[in-house]
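Structure, as structure tokens:
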Amino acid sequence: MTENEFFPIELNLRIDWSEMDIFGHVNNVMYMKYVQAARVNYWETIGMDANFATKGIGPNLASVTCSFKRPMFYPGTVIIKSRIDYIKKTSFGLTHRIYNDKNELCAEANDVAVIYDYLKKVPSPIPDWMRSKVEAIEKRKFPLEQ
């Protein structure tokens, strides 16, 4: 497996009938819901929820893009695989690959998140503990960027 194929965090969700659109496939808005669930799952895995609860510092979503590859249908399962692509001074990027239960790639989404001090209302540097946890999960080092 190459670095480009390594997605260490995986989330499985059941497709609900209510997520269908008039054309009989999962509505495009639901892909954003799946990406949100995967993003929050990653943040919880590295402890960002606990850091926010104790220090008021946590991630703030700056952007999301999504490229649709194929439709998904009910009944079924959505598998979202996530990874961190880069870490900068105050921001980091995630990639999510969304698969159906036949392991077919259905969409790819990219997030940019900023670490934010909600008490001071300013961006905050990526904490060393977060970088260490991400590097352990991702099984690689992220260079210090400005």
Side-chain angles (χ1 to χ4, degrees), residues 1-21 25-69 72 74-146:
M1 181 179 305
T2 68
E3 183 178 305
N4 288 337
E5 296 169 340
F6 183 64
F7 284 77
I9 303 296
E10 186 173 307
L11 180 64
N12 296 309
L13 301 171
R14 181 177 79 78
I15 296 173
D16 190 69
W17 183 82
S18 67
E19 296 170 348
M20 299 293 103
D21 63 17
H25 53 70
V26 173
N27 186 284
N28 63 318
V29 174
M30 294 301 105
Y31 287 75
M32 294 296 100
K33 178 184 161 201
Y34 303 148
V35 169
Q36 177 181 344
R39 176 187 319 120
V40 169
N41 182 55
Y42 199 110
W43 291 350
E44 288 173 342
T45 299
I46 61 174
M48 291 307 301
D49 55 333
N51 191 64
F52 175 75
T54 59
K55 297 182 181 171
I57 296 173
N60 191 340
L61 189 62
S63 71
V64 179
T65 60
C66 187
S67 297
F68 302 98
K69 309 294 185 188
M72 290 188 292
Y74 174 87
T77 303
V78 179
I79 302 110
I80 310 107
K81 299 179 181 183
S82 303
R83 71 169 181 221
I84 299 284
D85 285 322
Y86 64 85
I87 300 175
K88 293 186 176 181
K89 183 178 178 186
T90 60
S91 65
F92 59 98
L94 297 103
T95 293
H96 310 278
R97 288 193 179 156
I98 301 170
Y99 296 88
N100 61 21
D101 46 18
K102 296 176 187 160
N103 204 35
E104 298 170 321
L105 180 64
C106 296
E108 186 170 68
N110 298 95
D111 299 334
V112 175
V114 174
I115 297 299
Y116 196 75
D117 185 325
Y118 287 87
L119 302 175
K120 296 178 183 175
K121 299 185 179 8
V122 295
S124 181
I126 302 286
D128 291 337
W129 67 263
M130 178 188 157
R131 179 181 296 274
S132 295
K133 283 194 172 189
V134 168
E135 288 178 343
I137 290 168
E138 299 284 341
K139 297 181 179 11
R140 62 188 171 110
K141 295 286 185 187
F142 289 85
L144 295 172
E145 295 186 28
Q146 297 302 320

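Below, all heavy atoms of this structure are taken into account, side chains as well, without hydrogens, waters or symmetry copies.
- Side-chain contact between Met30 and Val78: absent, with no pair of heavy atoms (C-beta onward) separated by less than 4.5 Å.
- Looking at Met20 and Val26, their side chains come closer than 4.5 Å, going by heavy atoms from C-beta outward.
- Residue pairs meeting the side-chain hydrogen bond (donor to acceptor under 3.5 Å, both in side chains) criterion with at least one partner in residues 113-125, sequence neighbours excluded, are absent.
- Around CG of Asn12, the count of heavy atoms belonging to other residues, nucleotides or ligands within 6.0 Å exceeds 12.
- By the salt bridge (charged side-chain N to carboxylate O under 4.0 Å, His left out) test, Asp85 is found to be paired with Arg83, residues two or more places apart in sequence or in another chain being considered.
- Legend: side-chain hydrogen bond (donor to acceptor under 3.5 Å, both in side chains) pairs involving residues 29-40, not counting sequence neighbours, sorted by first then second residue: Glu19-Lys33, Glu19-Tyr34, Arg39-Asp111.
- If you take CD on Glu108 and CD1 on Ile98, they are separated by 9.5 Å, rounding to the nearest 0.5 Å.
- Sequence neighbours left out, not one pair with a member in residues 96-115 passes ring-ring contact (aromatic ring centres under 6.0 Å, His included).
- Interatomic distance, CE of Met72 versus CD1 of Ile15, reported as 5.0 Å (0.5 Å rounding).
- From Phe7, atom CZ reaches atom CD1 of Ile84 across 11.5 Å, with rounding to the nearest 0.5 Å.
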Got a list of side-chain donor-acceptor pairs under 3.5 Å for residues 53-68, not counting sequence neighbours?
from	atom 1	to	atom 2	distance (Å)
Thr54	OG1	Ala50	O	3.1
Thr54	OG1	Asn51	O	3.4

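- Ile115 and Pro125 make their closest contact through CG2-O, 4.1 Å (heavy atoms, listed as atom of the first residue, atom of the second, distance).
- The salt bridge (charged side-chain N to carboxylate O under 4.0 Å, His left out) search around Glu10 returns none, not counting sequence neighbours.
- One distance of note links CZ of Phe6 with CZ of Arg140; it measures 9.0 Å at 0.5 Å rounding.
- Under the salt bridge (charged side-chain N to carboxylate O under 4.0 Å, His left out) criterion, Glu104 pairs with Arg70, not counting sequence neighbours.
- For Asn41, the side-chain contact (heavy atoms from CB on, under 4.5 Å) test picks out Ile9, Leu11, Thr45, with sequence neighbours left out.
- Put simply, CZ on Phe142 and CD1 on Ile126 are 11.0 Å apart, with the number rounded to the nearest 0.5 Å.
- In this structure, Tyr42 and Ile137 approach most closely via the heavy-atom pair OH-CG2, 3.9 Å.
- Shown here are the salt bridge (charged side-chain N to carboxylate O under 4.0 Å, His left out) partners of Asp16, two or more places apart in sequence or in another chain: Arg14.
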